[in-house]
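Encoded as structure tokens, the structure appears first; notes follow it.
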Amino acid sequence: MTSAEKQLPPIFPHRHLLGIEGLSAADITALLDLADTYVEQNRQVDKKGSVLRGRTQINLFFEASTRTQSSFELAGKRLGADVMNMSVSSSSVKKGETLIDTAVTLNAMHPDLIIIRHASSGAVELLSQKVSCSVVNAGDGAHEHPTQAFLDALTIRRRKGRIEGLTVAICGDILHSRVARSNILLLGAMGARVRVIAPPTLLPKGIDRFGVEVFHDMRKGLEGCDIVMMLRLQLERMSGSYVPSQREYFHYFGLDYEKLGHAKPDALIMHPGPMNRGVEIDSAVADDINRSVIREQVEMGVAVRMAVLDALARNLPNELRI
Amino acid sequence: MSRTAFINARLVDPASGLDVKGNLLVADGKIADLGPNLFSDGIPDDAAIVDCRGHILSPGLIDCRVFTGEPGAEHRETLRTASLAAAAGGVTTLIVMPNTHPVIDDVALVDFIERRARDTGIVHIHPMAALTKGLAGAEMTEIGLLKEAGAVAFTDGDRAVANAQVMRRAMSYAGHFGALIVQHAEVPELSTGVMNDSELASRLGLSGIPAIAETIMIERDLRLLETTGGRYHVAQISCAASVEIIRRARGNGLKVTCGVSAAHLALNENDIRGYRTFFKVSPPLRSEEDRKALVAGLADGTIDIIVSGHNPQDADAKRHPFAEAAFGAIGLETLLPASLALVHNGDVPLTRLLGALTFAPADLLGLQTGRLAAGLPADLVLIDMGMPWVVESAKLRSTSKNTPFEDRRVQGRALRTMVGGRTVHVHGDGGH
């Protein structure tokens with residue numbers, strides 16, 4: 001058997017998932033609906049499905065990642081795919097093999113799905129042009145991280161029953177964050193009101209034209225919010241280059257109960273992980289089972305990635321390609 | 001004594017404003033005579049006749065900013081292949097940058113370029129020498145000796161001379177020799193990005209190079225120039241604010257000139273969408289408002305010259321994610337049509353445009369060419385202004401194919417290029 005047993009109806013009119021940009025609200029809703037079914041499947045004793053049976057999935061990670069890579073690996077395996085993990089360190093780049101060489105080499109092995117993470121914006125799109133299978137962007141530079149936005153949206157929708165009309169604050173290093181960009185696009189497309197809260201040095205140029213409200217004061221920005229989404233701030237950016245110190249950053253932009261008090265009483269706390277406890281988020285807030293949905297995000301991550309793999313595989317040819 | 005008679009030409013001499021129907025006679029590599037009434041007594045029997053059929057006969061183009069790979073990276077471009085591309089593009093003189101391996105910072109290397117140009121090139125080639133040794137930005141080169149050897153100006157090419165003290169002394173010293181300093185105006189610390197700093201950069205997740213990287217450097221250099229005197233030229237400006245700065249400085253009587261690349265006159269940052277690395281150039285392509293300001297600056301004379309900024313990069317240097325790809329685009333063969341688009345659009349008058357490609361660069365560098373005048377070398381280009389064509393990189397003469405104009409429909413082509421009386425390029429029947 002070289003292909004899935006039966007062809008399921010297509011629900012997602014794209015060959016790749018390179019970003020949220022270009023997706024319609026209907027595309028997004030279809031994936032979230034499918035993901036909902038996988039949440040249930042993943043909570044069963046028998047979690048194994050077969051829609052990807054016979055399919056080969058390669059996880060090609062040029063940037064180290066524990067949670068995203070394992071989430072994609074589990075998602076593929078639960079759908080019955082053969083999953084291969086490739087962590088390409090910078091050493092092979094030093095050997096002279098270019099990114100495109102790597103892609104062409106892998107493509108010759110007839111994968112059906114390639115999941116790619118790369119430190120450069122646009123790298124995944126570049127690779128998608130060189131392969132004949134479907135490509136999922138697992139994060140490219142400061143550009144996009146679409147499955148993170150989907151899992152955040154699924155978490156929000158399951159908790160709040162909707163996305164439209166909610167006020168979502170995204171706080172922290174917006175400048176370097178692909179998570180922020182994908183979330184701004186997805187939440188905006190689904191009708192949420194999105195705010196970004198950061199010091200001016202961590203906001204990208206022209207952010208005010210992304211359809212978001214911009215705040216530099218955390219308390220004002222959190223006023224009336226339904227969702228508080230914290231971003232990771234890399235430690236090397238906190239020693240004077242973008243902000244003066246960890247201490248000052250936490251004082252003004254770290255999420256603690258006092259600042260959280262300005263959001264709605266039932267506001268949810270989210271974080272894409274891995275967290276810098278005590279830097280961008282107070283440990284107690286992060287672990288607050290009544291407010292924090294950070295662990296739930298991880299669970300939704302697997303379901304969302306199963307939905308993405310399933311949806312893309314439905315568009316793959318079911319006959320042998322020569 | 002070989003003679004060529006160009007008949008039925010539209011003689012355009014931007015320097016004098018001449019634009020008339022007429023004829024031109026080339027003898028012994030020089031322009032012998034020209035005018036509407038030339039040959040009224042008949043064409044000399046021994047002259048080869050080129051019927052221009054009403055097309056423009058202009059001084060050959062002079063391109064003041066060409067990077068090649070010779071010496072050191074001949075797989076990207078040699079002086080010969082650059083000259084072939086130049087001839088095909090109507091360029092009769094090209095000025096090569098010192099950014100080679102080794103760097104052109106020594107008299108022997110200027111001699112090398114001149115000898116290789118003479119032995120292998122089919123157009124005039126002159127080098128700019130490095131302003132600082134090894135392009136390191138620290139110690140000035142032997143400006144006097146290099147100038148005597150034939151260096152037409154001094155520049156660190158695509159590197160800025162960032163140290164204000166170095167630039168101050170170089171300006172002061174070079175001024176004594178009447179040597180021209182050409183600056184790549186960019187503050188290095190502000191230029192660590194890969195494209196224009198803009199909303200689009202933010203959306204693409206690419207780091208930006210703000211316009212102030214350029215304007216701060218120009219403003220600094222102009223302050224230095226006020227105190228040192230000398231001649232200072234900004235190699236390529238890219239933004240509206242720079243046009244304004246130059247305009248104001250000229251108004252204050254400073255001896256400052258500047259250039260712009262044809263790519264910056266024709267393209268803007270939106271062309272980068274989809275992470276197209278062939279549009280990654282330095283300085284970066286900026287907004288449409290900036291492009292329009294550059295066109296206006298060219299039209300009103302604030303911008304003196306148009307350059308190609310020809311910078312050949314092989315496929316391996318460009319087939320990378322945008323941030324990792326090399327800067328640079330070729331441009332010798334598209335210089336003319338990309339520039340002529342401004343005439344077709346009605347943005348810049350023809351003589352003004354051709355002036356920025358002929359006598360203006362000649363005057364800037366002190367070259368005895370760039371005009372239709374008796375006694376000057378017969379460096380000529382016959383231009384079909386309206387000829388439409390599609391740029392196909394495979395057909396371009398450059399060894400490297402990194403053109404940002406790939407698959408573009410353009411208008412205007414060099415039908416025939418003559419360098420020192422020798423025909424070096426004919427397109428189609430090239431007039432006949």
Side-chain angles (χ1 to χ4, degrees), chain A residues 18-22 62-63 90 93 96-104 116-130 137 139-146 173-182 184-185 188 196 202-212 214 241-242, chain B residues 75 188-215 239 241 268-280 284-290 313-327 401-402 406-407:
Chain A
L18 301 178
I20 301 299
E21 193 181 12
F62 293 91
E63 229 183 26
S90 54
V93 177
E97 186 172 64
T98 68
L99 189 59
I100 290 172
D101 291 334
T102 308
V104 170
I116 304 171
R117 168 169 288 194
H118 196 282
S120 284
S121 302
V124 178
E125 183 172 333
L126 176 67
L127 289 179
S128 74
Q129 294 159 7
K130 310 292 172 187
N137 182 358
D140 66 322
H143 179 225
E144 285 228 45
H145 189 358
D173 186 0
I174 313 287
L175 177 64
H176 299 97
S177 177
R178 53 196 175 212
V179 174
R181 280 170 181 71
S182 288
I184 289 168
L185 293 169
V196 295
L202 292 176
L203 286 170
K205 175 121 176 175
I207 184 70
D208 50 314
R209 291 200 287 271
F210 280 53
V212 299
V214 180
S241 53
Y242 291 90
Chain B
H75 65 286
E189 297 80 12
L190 291 171
S191 311
T192 54
V194 297
M195 70 169 284
N196 186 34
D197 191 33
S198 65
E199 180 194 349
L200 179 64
S202 298
R203 287 191 182 276
L204 293 172
L206 296 173
S207 53
I209 302 172
I212 53 166
E214 180 172 304
T215 56
C239 62
N268 67 33
E269 63 172 349
N270 290 318
D271 290 300
I272 287 169
R273 274 179 203 284
Y275 301 97
R276 298 165 70 193
T277 59
F278 282 14
F279 294 88
K280 182 177 177 181
L285 295 173
R286 299 200 187 270
S287 70
E288 177 61 9
E289 289 70 39
D290 288 311
Q313 298 290 342
D314 56 76
D316 286 343
K318 283 289 190 181
R319 280 158 42 106
H320 289 292
F322 196 88
E324 291 148 44
F327 285 94
K401 304 299 182 187
N402 53 312
E406 173 77 349
D407 293 333

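As a basis for the values below, the full set of heavy atoms in this structure was taken, side chains included, without hydrogen atoms, waters or symmetry mates. On a predicted model such as this, the values are computed, not experimentally measured, just so you know. In what follows, chains are A, B, ... by sequence order, proteins preceding strands, each numbered from 1.
- The backbone N or O of B:S202 lies less than 3.5 Å from a partner atom in the side chain of A:R181, making a donor-acceptor pair.
- Here A:D101 contributes atom CG and B:D316 contributes atom CG; the two are 8.0 Å apart, rounded to the nearest 0.5 Å.
- The two atoms that bring B:R203 and A:H143 nearest to each other are O-CD2, 3.3 Å, heavy atoms only.
- Contact annotation for A:H118: only side-chain heavy atoms (C-beta onward) come within less than 4.5 Å of a heavy atom of chain B.
- Contact count versus chain A (heavy atoms, under 4.5 Å) is highest, among B:P210, B:A323, B:P321, for B:P321.
- Here the straight-line distance linking atom CZ of B:R319 with atom CG of A:L126 works out to 8.5 Å at 0.5 Å rounding.
- For the set A:S177, A:G141, A:G19, A:S120, the entry with the most heavy-atom pairs within less than 4.5 Å of chain B is A:S120.
- At a 4.5 Å heavy-atom cutoff, A:I184 makes no contact with chain B through either its backbone or its side chain.
- A 6.0 Å sphere centred on CD of A:E21 holds no more than 12 heavy atoms belonging to other residues, nucleotides or ligands.
- Summarising the geometry, atom OG belonging to B:S207 is positioned 13.5 Å from atom NZ belonging to A:K205; distances are rounded to the nearest 0.5 Å.
- Residues A:S121 and B:L204 approach most closely at CB-O, 3.2 Å, considering heavy atoms.
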